[in-house]
Amino acid sequence: MALIIYFFLFSPYRWWMVINWLQVLMNSLVWGCMYLLATVGLSLTYGLSRFPNFAHAEYITFGAYMAYMFFSILGLDLYLSVGLAVLSSALLGGLSYILLFKPLKSRGASLIHLMVASIGLGLLIRHTLMQVFGGGILSFKMIWSCIFIGPVVTTPLLLTAIVTAFIVAILLHILLMKTKLGKAIRATADNPELAAASGIDMDRVSLFTWLLGAALAGFSGVFLAMRSSLVPLLGWKVLLQAFAITLLGGIGSFYGTLAASFILSLSENLGVVALTWLGLSADYRSAVAFIVLVSTLIVKPEGLISTVKRRA
Amino acid sequence: MGSILNTDNLVKRFGGLTAVDKVTLNVEEESIVGLIGPNGSGKTTLFNVLTGVYRPDAGKIFFRRERIDGLQPHQVYIKGLVRTFQTPKIIQKMTVLDNVMLAVRNPGESLLAALFRRRRWMGFENRLRERALEILRFLGLDKHAYTPASELSGGQMKLLEIARALISEPKMMLLDEPTAGVNPVLAYTIFDRVEELRKRFGITFFIIEHRIELLMKYVDKVYVMHQGKLIAEGGPNDVMNNPDVVKVYLGSV
Amino acid sequence: MPDPLMYALDAVAYAGIFGMLSLSLNLEYGYTNLANFGKVAFFMVGAYVAAVMARMKYPFAVYALVASLVAGFIGLLTSLPALRLREDFLAITMIALGEVMKLIVKNEEWLAGGVWGLSGIPPAVVVQGLSFRERLLVQIALIYGCLVACYVVCELIAKSPYGRVLKTIREDELLAAAYGKNVFRYKACTFALGSAVSGLAGALFAQYIGTVSPYMFEPTVTFSVWMMVILGGPANNTGAVLGAFLVEGFHRSSRLLKDYIGLPLDPINLQVMLTALLVITVVFYRPQGMLKERITPLDRGLLKKLKPMYRRVKTWVRS
Amino acid sequence: MRASRSLKAISTGLALIAIVVVAIIAGVAGYYAGQSAAAEAASAAYQEGYDAGYQAGLADGRQQALQEVSPVLPSEIKIGCIMSLTGFLGPMGENIVKGVELAVNEVNARGGIAGRKIKLIVEDDGTDPTKGLEALKKLVEVDGCQVVIGPMASGVLRALGNYTNEHKVVLISPTATAPYITTEFPDDYVFRTVGSDTLQGKALGEILVDRGASKVVILVIDNAYGVGIMEEAMKVLNDRVVKTIRYDPSKLDFTTELQTIKDLNPDAVLYVGYYEDGKIMFKQALEMGLDNILWVCAEGVYGDPMFEEPAAAKFMEKACIGTRPSAPVGLTSYELFRKKFKEAYGEEPPMYSDTAYDATMMAILAIAKAGEYDGPKIREALIDISQTFMGATGYKLFDENGDQLYQVYEIWDVVEEDGKYKFVGTGYWP
């Protein structure tokens with residue numbers, strides 16, 4: 001830490017002068033939005049079903065591949081294909097809940113068994129996708145022209161992603177706060193026994209959450225893939241970040257996730273700036289998520305906004 | 001006789017809910033004290049606070065004139081304060097005998113001892129086994145000593161819990177509903193054993209119980225808890241005639 | 001010239017190394033319910049420490065010891081923040097650790113060759129003038145010596161009051177704490193021991209393969225080890241070793257099989273898909289694994305069986 | 001109830017055991033079935049003798065090699081091939097196997113080596129050294145291959161070096177370019193038909209100097225390939241380098257790295273990467289308006305797959321030049337290869353399919369010349385062959401390390417013609 005401060009203040013190059021800080025902020029905003037979409041579902045299902053679903057990464061990948069299939073192979077309209085992709089991703093999430101996780105839970109599977117099963121499911125989905133679409137890189141073949149907003153460069157896709165994320169956030173806020181279903185979701189995440197006792201249809205609430213979470217994951221997958229390209233490891237590459245955000249935000253907490261997404265993306269981008277200027281490999285970027293994760297566990301294991309009790 | 005356990009304005013909150021609200025109680029040595037109250041009145045939470053599962057938000061706990069609040073559960077245990085659980089915590093994948101023996105601090109419980117100095121703890125282990133068998137015999141479980149604990153009936157599991165608590169030679173035992181889900185005959189046996197234990201070994205008991213009529217036959221003193229507060233204390237008859245208590249019970253029914 | 005026996009023996013050697021990993025995970029997961037999803041990280045640490053030291057011409061005994069100590073220490077250090085919390089937190093932390101450790105060895109070239117990896121690691125036992133088969137047999141002897149040692153350690157632990165405490169913690173942490181067990185210490189101790197065993201396996205692996213590189217230590221290694229334990233039977237050391245044999249046999253046979261069955265699937269894809277399906281099936285229908293945990297009293301453990309045998313051998317030697 | 005449950009448990013357990021046992025038995029049985037089939041084929045092939053094989057043997061004036069053929073060859077000559085079909089290099093691997101297949105099919109169509117058909121056995125290493133070693137062991141120990149083409153990645157090759165030397169199996173990699181590969185195992189069984197990065201790093205550095213770049217940022221993929229070229233290029237560029245950045249290819253966002261470059265405002269960027277990350281890098285570089293500086297790239301991004309991403313194509317057209325190992329100017333043998341490849345697969349030969357073709361051809365010729373399916377003999381024959389061999393990518397004369405002595409690098413540029421992008425050569429290095 002002292003080293004970093006020293007570097008900040010006394011480096012002979014005054015390198016912080018040459019950095020376009022606004023651009024760094026912009027990148028953080030974009031990534032925060034992507035992380036938000038990718039993570040909300042993970043956090044909600046984690047809160048509701050009480051286990052981390054490692055297959056969530058594969059919902060992201062699946063959504064992207066489905067969008068690719070509808071758009072580039074079947075040649076459907078862009079918006080229609082994205083919609084269909086989100087739907088099929090939701091379907092995958094719902095199916096994996098109904099066919100795998102729900103029966104497993106009702107058989108009294110332990111937390112670890114659930115985690116192992118979810119990793120297995122993730123590998124199954126990933127390698128099935130690899131088998132169908134090949135292990136190669138696919139691309140949506142779209143060109144985004146750059147837009148200059150002052151010193152900041154961006155593209156229409158990124159702006160769309162930001163706007164979408166904000167709309168989704170507002171809709172989620174309304175859903176969770178204003179509707180009966182949303183209240184049921186929050187109540188169940190808070191205390192499943194109490195919720196069941198007070199007449200909430202747990203099955204319906206859980207299923208809805210899984211559908212919603214997977215749908216949002218698929219949505220984020222489409223953005224991630226359009227921004228870069230489509231590979232079978234697309235989802236796995238953001239999974240570590242997603243978990244860091246989930247834990248930092250507090251499991252099952254939407255607002256926590258919202259805040260944590262932006263905190264993590266900002267610290268990642270600042271981290272990359274620091275790394276490149278310290279002469280270290282920018283590869284360490286994902287270590288930022290790890291550091292956030294571990295320090296959360298040490299300092300505030302219940303996350304920013306806690307809903308679920310952490311101690312066994 | 002002095003007091004063995006007393007608390008001073010003990011408070012435990014969960015979020016907005018105050019589960020234990022300024023509880024001050026005093027348990028005399030070698031007595032049997034009951035704790036009653038409607039469901040959700042904070043009895044088990046109080047036990048959890050006493051045994052270090054939860055750290056109290058305020059207040060003090062003294063056990064044999066020593067502060068024990070803030071200690072970890074295993075440290076509390078070492079002081080001689082042992083508890084049982086509402087739903088019996090039985091290790092299904094162990095024999096009944098092992099279930100009892102795990103309660104004792106054993107020189108073989110360190111990693112190095114497990115690997116290298118086996119002879120040292122094996123003697124201890126053998127003596128411990130004899131003692132465990134003796135206690136199982138006392139509670140009528142000796143026939144099942146070598147069967148997996150999962151094959152016991154509900155009542156036997158309760159007895160097993162008591163056996164486990166006993167073998168550690170505690171100064172005081174906290175029993176959380178020792179007769180829940182047990183047939184009436186066995187329930188009386190359990191309380192008879194409790195009585196006998198107190199006489200033989202001078203163990204103090206603090207018991208949460210729902211079968212009030214049963215409890216009242218054995219206890220020296222009863223505390224009544226409602227919404228986290230102690231609302232009454234005293235001998236069995238005093239408490240049963242206390243209007244607050246009657247109101248609480250009638251109100252809650 | 002074709003020598004399929006060598007291939008089979010190679011599989012046996014691999015199974016031995018993975019058997020050690022499986023045993024260590026069994027100790028952590030099977031007995032203590034610790035979800036170590038970062039097994040590969042400790043395996044990697046062991047392999048790298050061994051690689052660096054073996055190239056400096058330290059003897060095997062020394063670098064194997066150091067490798068396991070370092071792996072154990074790192075295991076202890078990183079698990080500390082998560083051990084007090086629920087098992088899923090440990091799982092997530094460990095997965096992340098695996099990725100980050102790989103990043104470090106990949107990027108720090110001064111440390112361990114970076115992206116190049118390290119090669120030219122001499123085998124632990126060098127005897128001049130041996131044929132390939134004999135050399136492989138020496139390797140197998142070494143690996144199985146270590147495996148047996150680990151097995152005995154795990155059995156001794158399982159059949160001791162220490163093991164009893166671990167099982168208590170596994171079934172109910174609250175109970176263990178209420179009966180005077182320092183749950184945190186036991187967990188940390190077990191985690192360190194498990195990591196140390198993984199480190200030893202890593203050391204064996206490094207000297208057997210002769211090369212280490214960051215690309216060898218992907219998360220799928222962890223998943224295979226989990227597969228071994230879950231398939232073989234958690235909390236059963238024999239089952240864990242059996243699981244290692246089954247999974248390794250399964251991997252090898254799928255590579256052989258693809259030459260004779262014209263499947264339209266890529267063998268590695270197929271391998272992963274089948275493995276994943278098998279795990280899900282086992283978790284679903286037979287969570288206790290192939291060999292169940294045995295519920296035996298402590299006093300009927302290993303030593304009771306071994307002692308008469310030992311005596312017999314002693315009298316035989318003396319006569 | 002309990003009885004039926006335990007029955008069920010036992011039956012599922014038995015079923016699981018059965019699955020695994022059947023898999024193992026099937027594997028073993030399959031092996032022996034294959035062996036006996038091979039023996040049958042052997043007797044048939046022996047009767048035909050090598051006379052027929054000589055008649056149908058390889059054309060192209062290589063009789064000299066074939067005259068020495070003796071009938072000791074097995075009835076079916078197995079050539080192993082280890083490629084990364086899954087994993088990070090998966091997309092490239094599939095293309096490279098095509099080059100190997102092309103050579104094998106071509107020789108088989110002409111009757112094989114002295115009448116013996118060549119059987120190609122392709123194994124996947126998943127870009128994982130452990131799996132690569134396992135695949136090699138399988139090829140050598142189960143199939144009895146003495147010649148193996150591959151593997152692709154330098155990191156995998158390194159894990160195989162020792163085993164190869166000990167078991168005296170010839171290993172020819174068409175793609176592994178890391179400098180240390182051959183020097184670490186000198187005088188050995190490891191060869192390659194592609195130039196070492198020592199040369200390419202130098203080539204890239206000198207091109208940058210030629211173009212008068214005085215402020216260069218080096219941006220490389222963080223693996224053996226990228227770092228290898230970076231280190232060589234640094235030797236040429238010295239203090240012209242203002243910053244080196246190693247990026248993680250598995251991250252899909254490089255905006256921060258690119259922003260750093262933009263802030264530095266260099267004359268040129270030296271870029272090393274593969275298709276996957278290259279596409280994203282170029283796309284994002286275009287988005288950030290970095291197309292006004294010169295990008296000099298290594299061969300990892302040379303190939304039509306790059307144009308699948310229109311933004312990357314546009315960027316390359318605007319900003320990129322690069323090098324790639326290639327045949328000397330207007331080489332007839334390359335044109336021949338290109339024609340054959342197009343006939344067989346209906347596409348332009350992708351990157352490294354030519355070196356893979358050459359590697360396979362050399363292996364086949366070496367087997368033919370050795371006249372015996374035996375590693376050490378094939379190795380000697382291979383070194384002999386390399387003296388005169390002219391492949392699709394030119395002369396392949398091996399030095400004492402098993403590296404080819406000459407490597408020409410084509411300097412390429414990207415142009416747009418009728419809305420289609422393509423690579424054109426603009427010169428050669430050296």
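Naming: A, B, ... by sequence-line order, numbering from 1 per chain.
Looking at every heavy atom in both residues, A:G120 comes nearest to C:A276 through O-CB, 3.2 Å.
Between the CD atom of C:Q271 and the NE2 atom of A:H127 there is a distance of 9.5 Å, given to the nearest 0.5 Å. A distance of 4.0 Å separates CD1 in A:I119 from CZ in C:F37, rounded to the nearest 0.5 Å. Rounded to the nearest 0.5 Å, atoms CG (A:L240) and CD1 (C:I92) are 10.0 Å apart. Separation of atoms CZ (A:R50) and CZ (C:R86) is listed at 7.0 Å; rounding is to 0.5 Å.
With a 4.5 angstrom heavy-atom cutoff, A:L293 touches chain C only via side-chain atoms. Of the two parts of C:F284, the backbone and the side chain both hold a non-hydrogen atom closer than 4.5 Å to a non-hydrogen atom of chain A. Contact annotation for C:L34: only backbone heavy atoms (N, CA, C, O) come within less than 4.5 Å of a heavy atom of chain A. Heavy atoms closer than 4.5 Å to chain C are found in both the backbone and the side chain of A:L124. For C:I104, the parts sitting under 4.5 Å from any heavy atom of chain A are the backbone and the side chain alike. For chain A, no part of C:L80 is nearby; none of its heavy atoms comes within less than 4.5 Å. Residue C:V100 touches chain A through its side chain alone, counting heavy-atom pairs closer than 4.5 Å. For C:P219, the part sitting under 4.5 Å from any heavy atom of chain A is the side chain, from C-beta outward, and nothing else.
Taking 4.5 Å as the limit, every side-chain heavy atom of A:F243 sits out of range of all side-chain heavy atoms of C:T93. The shortest side-chain heavy-atom distance between A:F290 and C:M101 does not fall under the 4.5 Å cut-off.
Using cut-offs of 30° and 60° on the angle between ring planes, the pair A:Y46 and C:F89 is tilted.
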Start with the C-alpha distance between C:Y285 and A:R107, add both sets of side-chain angles, then the distance that settles side-chain contact (heavy atoms from CB on, under 4.5 Å), and finish with yes or no.
CA-CA 9 Å; C:Y285 292 107; A:R107 276 161 182 267; 3.8 Å; yes

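For the set A:L121, A:I112, A:L100, A:L114, the count of heavy-atom pairs under 4.5 angstrom toward chain C peaks at A:I112. Among C:T275, C:V279, C:V272, the residue with the largest count of heavy-atom pairs under 4.5 Å with chain A is C:V272. The residue among C:L103, C:I280, C:T78 with the most heavy atom pairs within less than 4.5 Å of chain A is C:L103.
Atom CZ of A:F262 has more than 12 neighbouring heavy atoms from other residues, nucleotides or ligands inside a 6.0 Å radius.
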